[in-house]
Amino acid sequence: MRIVIKLGTKILLDGEDNLSLEYLRNITKQIGALKKEGHDIVLVSSGAVGAGRALLQKSNSPINTQILSSIGQAELIHHYNKCMKEMGLYAAQMLLTREDFKTRHHYLNIKNSFENSFQHGHIIPIVNENDPVTILESNFTDNDELASLIAIQIKADKLIILTSTEGIYDRDPEEQGASLLSLITPDMHQDLNIEEGQNNVGRGGVKTKLKAALKASQFGIETHIASGVEENVLSQLIASDSSLGTRVTACVETKGRGVKRWLASDISIETGEVYTNVCLTELLLHGEKILSLLPVGIEKYTGDFKKGDLILIKSHDHKILGKGVAKYDAKTLKQYMGQKNKPVFIHYDQLFLNKETL
Ligand code: GLU
C-alpha cells in the first residue's frame, strides 16, 4: 500500500511539552516495520514550532514563531534521522509551501521526488510546511490539508491522521454523552455537526481533519483518524478489519487523473472565470453523473484566457463551484456561449468540483 501518515504536534510532545523522544522512537519503529513489509510511506510531521518552543523555553529574549519553527525543525529531523538510522532507513526532509503547489511544473517535481524515494526502498520522506517562509502569509491552513494533498498527489491508498483524541466525535469530546463516530461516509458529512474540542496545540482541529479526509475521499483514498498513542496503532489501522478511531470511507466513483489531482490543490492561479446558468449549476451541484462543461450552460465569462489556462467556475449566483482547464480561448467561448452543439469548453477529466462544503 501507499500510505501518508500525519502526526500532530500534541502527540509528539510529552507531559512537560518537550519533544517526546520515546514517542518518536516508537512511531518510527512502527513506520520501519511497515516499510519492511513493502509499503510506500510518506510521513507528514508537525511539531517544529512545539520543539523549538521547548528548546527555548528558558530564554528571556522574545523570539518569533518562524525562528522557533526553524530551530525546532532541525531538532525534530535530527531525532527522526537518528531513529530511522537504527532501522537502516534514511529520513528525507521535505519542507513545502503552498507556492510549491501552484505551478504544475513544481507540483510534478515534488511528485517525482516522492516517487524516487519510493524506488530506493530505504527512504522515508518527512514533510512539514516550510514555516519560516510561510507563517504570517498564505500558508497551508494546517498539516492535515498538506497531508491530504500529498496523498492525492502520490495516489495513496490510505491517509492516516494520528492525533491526541480517539477520532471524530459527534460533539465536543469533553461533553457528557459524546460518542466516537467509527465510520463516516462522504454522503454523511452534511448531516454531521462537528464541534471542535478544547485542547488544540497545533493548527488543525477536527473540522480540518474531516475536510482533509473528505478531499482525499474524492480521489478514492480512505482516511483513518485515530489516537497516535494507541499501541501499534499503524499496524492496527492497516489491518482490513480495523475498528480503531474514525474511518472516512473513499468515494468509489472518482479516482481522478493527473491534472484533476493538481486542481484539487485548490491553490493554483486562475486566469478566467465562467458563470454557469441555473440549469448547469443544478446539474453540477446535484447531478449524479460527472459532466463536461458545454458552452450552452455558460452565461457569462471574465478574463482574457487562452487554451490550457485555469478557469474558475462559478454559479449564476456567484458561488464557487470548482475549476478546470479551458479547451479554447475567451474569444472562441464568446462565439459559442449559450449555444447548443458546440465543442466542450472544459472536459470532465480536467474539471474539479468543490463538493466538500464544510
Ligand atoms: N508546521 C507546524 C509545525 O511544525 C504545524 C502545523 C500544524 O499544526 O498543522 O509546528
Q: In plain terms, say whether K6 and E145 are close enough for a salt bridge, that is, a side-chain N and a carboxylate O under 4.0 Å apart.
A: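 No, this pair does not count.
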Q: Parallel under 30°, tilted from 30 to 60°, perpendicular over 60°: which one fits the rings of F114 and F118?
A: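 Aromatic pair F114/F118 classed parallel.
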Q: Assess whether atom CD of E22 is packed by more than 12 heavy atoms of other residues, nucleotides or ligands within 6.0 Å.
A: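 No, the 6.0 Å shell around CD holds no more than 12 heavy atoms from other groups.
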Q: For the residue pair F345 and F305, does the interplanar ring angle fall in the parallel (under 30°), tilted (30 to 60°) or perpendicular (over 60°) class?
A: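 The rings of F345 and F305 sit tilted, inter-plane angle from 30° to 60°.
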Q: What closest approach, in Å, do A91 and I126 show between heavy atoms, and which atom pair accounts for it?
A: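 That closest heavy-atom pairing would be CB-CD1, 3.7 Å.
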Q: If you round to the nearest 0.5 Å, how far is NZ of K35 from NE2 of H122?
A: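 Rounded to the nearest 0.5 Å, the NE2-NZ separation comes out at 8.5 Å.
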Q: Without swapping roles, check the side chain of N128 against the backbone of L95 for a donor-acceptor pair under 3.5 Å.
A: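 Judged by distance alone, no pair lies under 3.5 Å.
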Q: Taking the side chain as C-beta and beyond, is there a heavy-atom pair between C83 and R25 under 4.5 Å?
A: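 Yes, at least one pair of side-chain atoms sits under 4.5 Å.
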Q: Does any non-hydrogen side-chain atom of I311 lie less than 4.5 Å from one of L293?
A: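 The answer is no; the side chains never approach within 4.5 Å.
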Q: Within the distance-only criterion (no hydrogens, no angle test), does the side chain of S217 pair as donor or acceptor with the backbone N or O of C251 below 3.5 angstrom?
A: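 Side chain of S217 to backbone of C251, a donor-acceptor pair under 3.5 Å: yes, one is there.
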Q: Heavy atoms, side chains only, cut-off 4.5 Å: are H224 and L244 in contact?
A: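 Not in contact.
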Q: Are side-chain N/O atoms of H347 and K327 paired as donor and acceptor at under 3.5 Å?
A: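 Side chains of H347 and K327: no pair found under 3.5 Å.
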Q: State, with a plain yes or no, whether a side-chain heavy atom of L294 is found less than 4.5 Å away from one of L280.
A: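 L294 vs L280: side chains apart.
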Q: Taking the side chain as every heavy atom from C-beta outward, state whether I160 and I3 have any atom pair closer than 4.5 Å.
A: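 Result yes, sub-4.5 Å side-chain heavy-atom pair found.
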Q: Please work out which of the three classes, parallel, tilted or perpendicular, describes the rings of F352 and F219, given edges at 30° and 60°.
A: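 Ring orientation, 0 to 90° scale: parallel.
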Q: Give a yes or no answer on whether the side chain of N143 reaches the backbone of L146 with a donor-acceptor pair at less than 3.5 Å.
A: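 Not at all, since once roles are kept as given, no pair shorter than 3.5 Å links the two residues.
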Q: State, to 0.1 Å, how close I221 and A151 come at their nearest heavy-atom pair, and which atoms those are.
A: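 Minimum heavy-atom contact is CD1-O, 3.4 Å.
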Q: Quick check: closest heavy atoms across A216 and L159, and the distance to 0.1 Å?
A: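 The answer is CB-CD2, 4.2 Å.
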Q: When you group the ILVMFWY residues by side-chain heavy-atom contacts below 4.5 Å and let the links chain together, are L149 and M94 in the same group?
A: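 Shared cluster, yes.
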Q: For atom CG of N341, decide whether the heavy atoms of other residues, nucleotides or ligands shown that lie under 6.0 angstrom number more than 12.
A: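 No.
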Q: Using a 4.5 Å cut-off on heavy atoms from C-beta on, say whether the side chain of I313 contacts that of L351.
A: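 Result yes, sub-4.5 Å side-chain heavy-atom pair found.
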Q: Are more than 12 heavy atoms from other residues, nucleotides or ligands located less than 6.0 Å from atom CZ of R2?
A: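 Atom CZ in R2 is crowded, with more than 12 foreign heavy atoms closer than 6.0 Å.
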Q: For the backbone of A48 and the side chain of S69, can you confirm whether one donor and one acceptor N or O come within less than 3.5 Å of each other?
A: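 Such a contact is absent between S69 side chain and A48 backbone.
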Q: How long is the straight-line distance from CD1 of I31 back to CG of L89, given to the nearest 0.5 Å?
A: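 It is 9.5 Å, given to the nearest 0.5 Å.
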Q: Do T281 and T276 meet the criterion of a side-chain donor-acceptor pair at a distance under 3.5 Å?
A: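 Note: T281 and T276 side chains meet the donor-acceptor criterion.
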Q: As a quick check of understanding, evaluate side-chain contact (heavy atoms from CB on, under 4.5 Å) for Y275 and H318, giving each step before the final call.
A: CA-CA 7 Å; Y275 293 80; H318 296 211; 3.7 Å; yes
Q: Check for me, please, whether L333 and L312 land in the same ILVMFWY cluster - side-chain distances under 4.5 Å, paths through other members count.
A: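 In one cluster with L333: L312, no.
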Q: Just verifying a value: how many Å separate D40 CG and S117 OG, rounded to the nearest 0.5 Å?
A: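 Going from the CG atom of D40 to the OG atom of S117 covers 7.5 Å.
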Q: Using modelled atom types only, decide if a donor and an acceptor are shared between the side chain of Q236 and the backbone of E231 within a distance under 3.5 Å.
A: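 Here the side-chain-to-backbone pair exists.
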Q: Are L321 and L291 connected in a single hydrophobic cluster, I mean Ile/Leu/Val/Met/Phe/Trp/Tyr linked by side-chain heavy atoms less than 4.5 Å apart?
A: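 Yes, L291 and L321 fall within the same hydrophobic cluster.
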Q: Examine the side chains of N116 and S113 and answer whether a donor and an acceptor come within less than 3.5 Å of each other.
A: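 S113 and N116 do not have a side-chain donor-acceptor pair below 3.5 Å.
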Q: Which heavy atom in G303 sits nearest to a heavy atom in A330, and how many Å separate them?
A: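 Looking at all heavy atoms of both residues, the shortest contact is O-CB, 3.6 Å.
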Q: Is the backbone of A213 close enough, under 3.5 Å, to the side chain of S148 for a donor and an acceptor to pair up by distance?
A: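 No, because the side chain of S148 does not come within donor-acceptor range (under 3.5 Å) of the backbone of A213.
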Q: Are E16 and N18 close enough that a side-chain donor and a side-chain acceptor fall under 3.5 Å?
A: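 The criterion, which ignores hydrogens and geometry beyond distance, is not satisfied for N18 and E16.
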Q: Which residue pairs satisfy the side chain to side chain donor-acceptor pair (under 3.5 Å) criterion with at least one member in residues 297-307, sequence neighbours excluded?
A: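 Checked against side chain to side chain donor-acceptor pair (under 3.5 Å) - neighbours excluded - no pair reaches residues 297-307.
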Q: Considering all heavy atoms of both residues, which atom of K340 and which atom of V296 are nearest to each other, and what is their separation?
A: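 Closest approach of K340 to V296: CG-CG2, 3.8 Å.
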Q: Would a single hydrophobic cluster contain both Y23 and L13, if residues Ile, Leu, Val, Met, Phe, Trp and Tyr are joined by side-chain heavy-atom contacts under 4.5 Å?
A: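 Per the 4.5 Å side-chain linkage, L13 and Y23 are co-clustered.
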Q: Evaluate the criterion side-chain contact (heavy atoms from CB on, under 4.5 Å) for residue pair T28 and Y80; output intermediate values, then yes/no.
A: CA-CA 7 Å; T28 315; Y80 272 127; 4.1 Å; yes
Q: Determine whether a donor-acceptor pair (N or O, by modelled atom type, separation under 3.5 Å) exists between the side chain of S45 and the backbone of L7.
A: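 Such a contact is absent between S45 side chain and L7 backbone.
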Q: Once you round to the nearest 0.5 Å, how far does CD1 of I161 lie from CG of D144?
A: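 The CD1 atom of I161 sits 4.5 Å away from the CG atom of D144.
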Q: Step by step, would you call R247 with L183 a side-chain contact (heavy atoms from CB on, under 4.5 Å)?
A: CA-CA 5 Å; R247 182 160 71 97; L183 189 79; 3.5 Å; yes
Q: Drop me the distance from T246's OG1 to K209's NZ, to the nearest 0.5 angstrom.
A: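 Answer rounded to 0.5 Å: 11.5 Å.
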Q: Could you measure the distance from the NE2 atom of H106 to the CG atom of L96? Nearest 0.5 Å is fine.
A: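 Rounded to the nearest 0.5 Å, the NE2-CG separation comes out at 11.5 Å.
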Q: Does H39 reach the main-chain N or O of I41 with its side chain, forming a donor-acceptor pair under 3.5 Å?
A: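 Such a contact is absent between H39 side chain and I41 backbone.
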Q: Please find the pair of heavy atoms, one from S46 and one from L12, that lie closest to each other, and give the distance.
A: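 Minimum heavy-atom contact is O-CD1, 3.1 Å.
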Q: Taking Y90 as the starting point, is it possible to reach V44 by hopping between hydrophobic residues whose side chains are less than 4.5 Å apart?
A: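 No, no single cluster joins them.
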Q: Does a donor on one side chain and an acceptor on the other come within less than 3.5 Å for N26 and Q30?
A: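 There is such a pair (donor and acceptor under 3.5 Å, judged by atom type) between the side chains of N26 and Q30.
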Q: Taking Q153 for its side chain and Y107 for its backbone only, find out whether a donor-acceptor pair lies under 3.5 Å.
A: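 Flag set: sc Q153 to bb Y107 pair under 3.5 Å.
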Q: Stepwise, does the side-chain contact (heavy atoms from CB on, under 4.5 Å) test hold for L237 with L162?
A: CA-CA 11 Å; L237 289 174; L162 296 183; 4.1 Å; yes
